[in-house]
Each structure stands twice: as structure tokens, then as C-alpha cells.
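Every number for a ligand or one of its atoms is a count from 1 in the order of the listing. Reckoned from all heavy atoms, side chains included, excluding hydrogens, waters and symmetry mates.
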Amino acid sequence: MSLLAPRLDLATVTIGGREVSTPGTFEVINPATGEPFAVAPNISASQLDDAFTAASTAQLTWRNDEQRRRAALRDAADAIDAAAPALAGILTAEQGKPMNDALAEIGAATYWLRYYAELDLPREIVQNDENGYAEVLRRPLGVVAAITPWNFPIALAMWKIAPALLAGNTMVIKPSPFTPLTTLAMGAVLRDVLPAGVLNVISGTDPLGAAMSSHPVPRKISFTGSTATGKKVAAAAAEDLKRLTLELGGNDPAVVLPGTDVAAIAPSLFWGAFGNNGQICLAAKRVYAHESLHADLVEALAEIARSVHVDEGTVEGAQLGPINNLPQYDRVSELVADALSNGARAAAGGRRIDRPGYFFEPTILDRVDDGIRIVDEEQFGPALPVVAYSSVDDAVDRANASMYGLTASVWGSDLEEAYAVAGRIDSGQVSINSHGGAVLPHLPFGGHKWSGVGVENGPWGLYGFTELQVIQSPPRG
Ligand code: NAD
């Protein structure tokens, strides 16, 4: 029986600092039950225009006062912290993740806000002598359109909101229609904290993202989502040369070197693949394990998989919740079934869990190889293929034989050897003896190849929300 509140309707958006009702709504499904539990606002075309107009108007003053912006980011962090339990409850209800993970996600969002509130926005004097004066400034772009996915609706929103606003931009942000409610609720929390129009939070069914990408007002689109959608966003942005940051999909390899202590690494590798039920862009999605330890590693991972408590996110002790939505549930089911029908063995799991909602057994697959879909494609769910290899060079080649290049990990007992292998992998981040350790506010996060364009986080993420300007003059004395 569901422990969640029966209904939770958040049928208003935030435009120009005001609560705005929309002509239409759409249903939001609780993935733990598979049933609708709320409605969300579906904004009209003219309301989208209103949101961009509000952001344009607000930007004229917001861009002028850096200290005010820093103070506003700090206030926003305090307000979100104060609302964290309520926001986390909504997040668990719409996304499925356990309450502790939901609270951690809200905590990450305010951590990012506070990091950016203090980050320097440099003005560099590059010449100041008897021949002249030259200064390089970083100016805001204007209005930013932000589009986010359903796996970390709040944390990934904040990767955009915090640097964009610090740099002097204003924003219209749209969450995924699978998880609109927490972002809308955060918009409501910030209505009285940020000046009107600085952050406009809207929602709608899927044509809305395309309408934002082709809208004439925003000067940048900051998008996180799948590679397929990212390509459409890039094409739309090309029409009027909007700036772009694209954080896209991955098929992140974990290479386990010969001589690795399997028992020591198995828990960390497992959670590097199965955190958030595998629905993390940077989760380990395929393991290349040296043949000398492959069988032991499969068994160690399978043992953990069998012990994991999968349940509704509201249940105390739940470690993994349901998969977020039906299309994704079907996709994971299909990829596992495809592997099994092609000779793979499920060392753990392999099936849907027989209960309402989108629950799937944490699954470890062996007897798999490149060429099987779950090895070649992004599964984005709780199923991990473990491929055996015999030569490290071959493992590196196979790790790199993908159009994705988001993150990777190398595991070994010889740190120098692992470090040397890490440098040969084509991806934006490589962690040694952990997977995904490189996601911190001060480190650039972004993908190579089809995994993205540009980066988020750190000063590099901030610069992505700016345009350089040189001001030059005769000597200033
Ligand atoms: P998705 O591409 O289906 O949707 C992402 C967002 O784009 C949603 O808000 C959606 O409504 C919107 N959208 C849909 N069609 C659009 C269009 N034509 N134009 C503009 N926007 C449109 O992705 P998803 O299923 O929500 O998220 C899962 C994917 O996101 C995975 O591939 C995952 O790897 C990726 N992801 C990447 C990162 C990263 O930082 N690299 C982080 C999280 C998720």
C-alpha cells in the first residue's frame, strides 16, 4: 500500500514573481504506484512569452549589482534549506528516490548556491602601461532558457540557476514533465526571495522544451537531458546563434585492472553504478573486468545487488526506489531481456519486481560483450553488464569505442598504473578507485563527443553564462 499523500496539486507556475494559473494541466505519476497523484500546470504559448518578457525586464536591473546578486543567492539557499523537508517529500513522490537521497539532493542544491554566491567574477586588467590600458570583462548573456531532466530535477536545475544568476543573467526554467513538481515548488519558495522576474519557473508537456529552444528572447539554452534531444536543441539554437551548454547522455565505462582487491572495491563500484537506481548520467554503465578477477567481481557485485532493499522511497531503510517512468522502465526491461536472449546470465536480478509501480531487480549481468545492446547503449537504470577482458590495451580501446564520453573510472591497487590508464580514456572525468567522485561544485563537469558541449560547475561553468568584452583605452594614468 502506498504511504504517499493521496494527491498533491501544484497547478501554478512562477512568472514575474507571481503565482500564475495555467489554462491546462497534466497528470504526474508516482512511480512507486504507477498511478497519477498530482496535476501540474501546462502553460500556454502566450504565458511562455510572458515568462521571457518578465525575465528580460528583470535582467535590466539584475545585471547591475553584483553584491545584491550574491546576497540573493545566499538568501535563496537559506529559504530552500528551510523548505527542504517539504521539497524532499515532493521529490520522492514524483521521482521515486528514497527520502534520504531526496534530502541529499536538496542539500546539494543549496551547497551549489552558496559556492557560487562566493565565487569570483573576474575583471582582468591585461594591460596598464604607458602604451595603453586593456581590461577583459565577463558580461551576462541576458535571458537564459534552462531545461532539465527527471533524474535530479533540483540539483541539476541549481547547476544552471546559481552560476547564471550570479553572472547577471535571468532565467526561465522548465523541468521534465515526469518531475515538474519539486522545481515548481522551489520556484514558489523563491518568489519572495529573488526580485520579480529573475527566476521564472514554468512547466508543460513536451512541445514546451522545443518552444523554449526556438523562442527569440533567450540568448542561451542550458540543457541537460538525452543526446537525441540535445541535438534537437542545438539545431534550434543554431537558427539565431543562441549560446549552448549541453549536458547529455553517457555510457560510462569502469575498467578494473588486474591485481585489484575485488572485495575492497565492490561496494563502491556497485553504488557508482546503482546510485539513484542507475539513473545518473555519470553512473558506471559497463564494467570491463580483467579475466583473472572477473568471476569474483561478478559474484561480489551480485551479492550486494541481492541484499539491496528496493522499496517506495517513503519506506524507512529503502536504498533504491522505482525507475522514474514507464518508458524508462520498459527500456531497461527490454535491454535486460535482449541481453538474456543473447546468452547473458543474470548473476543477480534480471526481472521486474511483481508489485505495482516501476520496480526492477538490481541486476548484474555476465557472459556479455561489446555488441550486446546493454553494453553498447545507455541503459540509465538498475542493470550493469560486467565484461571480461584479457589485455589492458584492449579494455581501453573498448572503453573508448563509444560516441559517448561523459565519465569513466579505473580501479586498481597500483595508483600510478591506474592514473596512467585514466589518462588514456576519452571522457570529461575519470575517477580512480571510485566512480563519479569528480562531481563537486569547483570542478568542471561536461562530456566529450556526444556527451555534451561545454561544461557546468566551477569557474568554467560560470564563464559559460558570460560573454567576454574587452575595454581598451589610452593610458589611464
Ligand atoms: P530527455 O532528453 O528526454 O528530456 C530532457 C528535457 O528535455 C526534459 O525537460 C524534456 O521535457 C525536454 N525536451 C523534450 N523534447 C525537447 C525538445 N525537442 N527540445 C527541448 N527540450 C525538450 O532526457 P531525460 O529522459 O529527461 O533524461 C535522461 C537523459 O539525460 C539521459 O540520457 C541522461 O544521461 C541525461 N542526463 C545527462 C546529464 C549530464 O549532466 N550530462 C545529467 C542528467 C541526465
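Any N or O atom pair closer than 3.5 Å counts here, and D206 shares at least one such pair with ligand 1. Residue T224 places no N or O, backbone or side chain, under 3.5 Å from any N or O of ligand 1.
Salt bridge annotation for R243-E467: present, with a cationic side-chain nitrogen under 4.0 angstrom from a carboxylate oxygen. The pair E334-R373 counts as a salt bridge, with a side-chain nitrogen and a carboxylate oxygen less than 4.0 angstrom apart.
In this structure, atom 11 (O) of ligand 1 has a protein heavy-atom contact shorter than 4.0 Å.
The heavy atom nearest to atom 29 (C) of ligand 1, considering only S226, S203, G250, is found in S226. Closest to atom 35 (C) of ligand 1 by heavy atom, among P149, G225, P180, G249, is G225.
Shown here are the salt bridge (Lys or Arg N to Asp or Glu O under 4.0 Å) partners of R74, two or more places apart in sequence or in another chain: E118. In this structure D81 satisfies the salt bridge (Lys or Arg N to Asp or Glu O under 4.0 Å) test together with R114, sequence neighbours excluded.
Side chain to side chain, S409 and W411 meet the donor-acceptor criterion of an N or O pair below 3.5 Å.
Within 6.0 Å of CZ in F26 there are more than 12 heavy atoms belonging to other residues, nucleotides or ligands.
Taking the six-membered ring where tryptophan is involved, the planes of W150 and F178 are perpendicular, since the angle between them exceeds 60° and thus also 30°. Between F360 and Y329, the angle of the ring planes goes over 60°, which puts this pair in the perpendicular group of the 30/60° scheme.
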>> As a quick check of understanding, evaluate salt bridge (Lys or Arg N to Asp or Glu O under 4.0 Å) for R219 and D240, giving each step before the final call.
In response: CA-CA 9 Å; R219 290 312 313 143; D240 66 347; 3.6 Å; yes

> Would E361 and R352 count as a salt bridge (Lys or Arg N to Asp or Glu O under 4.0 Å) if you check the C-alpha gap in whole Å, the side-chain angles of each, and the deciding distance to 0.1 Å?
Replying inline: CA-CA 6 Å; E361 294 175 339; R352 295 178 172 209; over 6 Å; no

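In this structure, F223 counts as a contact residue of ligand 1, since one of its heavy atoms falls inside 4.0 Å of the ligand. Not a single heavy atom of G452 sits closer than 4.0 Å to an atom of ligand 1. The shortest heavy-atom distance from G447 to ligand 1 is not under 4.0 Å. In this structure, F445 counts as a contact residue of ligand 1, since one of its heavy atoms falls inside 4.0 Å of the ligand.
If you look at E378 next to ligand 1, the close heavy atoms, those under 4.0 Å, all belong to the side chain. Contacts with ligand 1 closer than 4.0 Å are made by side-chain heavy atoms of S213 only, the backbone lying farther away. Looking at N151 against ligand 1, only its side chain comes within 4.0 Å, counting heavy atoms. Looking at L282 against ligand 1, nothing comes within 4.0 Å, counting heavy atoms. Here V233 has side-chain heavy atoms under 4.0 Å from ligand 1, and that is the only part of it that gets that close. Counting heavy atoms closer than 4.0 Å to ligand 1, residue L156 contributes side-chain atoms (C-beta onward) but none from N, CA, C or O.
The contact set between ligand 1 and T148, taken as ligand atoms under 4.0 Å from a residue heavy atom, comprises 6 (C), 8 (C), 9 (O). Shown in contact with C281 at under 4.0 Å from a heavy atom are these atoms of ligand 1, numbered in order with element: 34 (O), 36 (N), 37 (C), 38 (C), 39 (C), 40 (O), 41 (N), 42 (C), 43 (C), 44 (C).
In this structure, N276 and N151 have side chains that are in contact, with non-hydrogen atoms separated by less than 4.5 Å.
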